[in-house]
Amino acid sequence: MDSKALNTRCVELFQNPNVRLRMWNARMFWHVGDQMNVAPAALTDPKVDTCELEVMLSAAALTNSECAAELDKKEPGRVAFIQRQVREGMRPLLRPVNNA
């Protein structure tokens, strides 16, 4: 999945009612300036690794992740850690976006 499609999936997951119950602010995950209530269309510049974000949001939305296999291949155990943190009511610290 390319980066734009992955970000779009994250934005869609962020709108899921199960995710919204967690009261996470978009500013935690995307660069949005000083805005507090940001329209989904404005969430285009991620602060965190979008693959990790997709795994976290999928776990919170109670749906299957499309990035889990790729992330687990790159770093075994990372997916399970993120999912466990979400299940336990925490918000895992995600890695910053890799601009390399």
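Along the sequence shown, residues are numbered consecutively beginning with 1. None of these values were measured; they are calculated from a predicted model.
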Chemist: Heavy-atom count around D2 CG within 6.0 Å, excluding the residue itself: above 12?
Modeler: yes

Chemist: So, for L62 and N18, which heavy atoms are closest and what is the spacing to 0.1 Å?
Modeler: CD1-ND2, 3.7 Å

Chemist: Say you draw a straight line from CH2 of W30 to OG1 of T50; how long is it, rounded to the nearest 0.5 Å?
Modeler: 9.5 Å

Chemist: Sequence neighbours left out, what passes side chain to side chain donor-acceptor pair (under 3.5 Å) with Q15? Give chain and number order.
Modeler: none

Chemist: Kindly compute the distance separating CG (L57) from CH2 (W24), expressed to the nearest 0.5 Å.
Modeler: 6.0 Å

Chemist: Verify the neighbour count for atom CG of L21: are there more than 12 heavy atoms of other residues, nucleotides or ligands below 6.0 Å?
Modeler: yes

Chemist: Any side chain to side chain donor-acceptor pair (under 3.5 Å) pairs touching residues 61-72, not counting sequence neighbours?
Modeler: E54-S65

Chemist: Does the side chain of K74 come within less than 4.5 Å of L71's, by heavy atoms?
Modeler: yes

Chemist: Just how far is it from atom CE of M1 to atom OG1 of T8, taken to the nearest 0.5 Å?
Modeler: 9.5 Å

Chemist: Distance-only check: which donor-acceptor pairs under 3.5 Å involve side-chain atoms of residues 38-49, not counting sequence neighbours?
Modeler:
from	atom 1	to	atom 2	distance (Å)
K47	NZ	R27	O	2.7
D49	OD1	C51	N	2.9
D49	OD1	E52	N	2.9

Chemist: Within this structure, what is the CZ-CE distance for the pair F14 and M28, rounded to the nearest 0.5 Å?
Modeler: 8.0 Å

Chemist: Flag yes if more than 12 heavy atoms outside R22 fall under 6.0 Å of its CZ atom; otherwise flag no.
Modeler: yes

Chemist: If two hydrophobic side chains count as joined below 4.5 Å and joins carry through other members, does V86 share a cluster with F29?
Modeler: yes

Chemist: Working to the nearest 0.5 angstrom, can you tell me the gap between M90 CE and R84 CZ?
Modeler: 8.5 Å

Chemist: Are the side chains of R95 and R78 in touch, meaning some heavy atoms are under 4.5 Å apart?
Modeler: yes

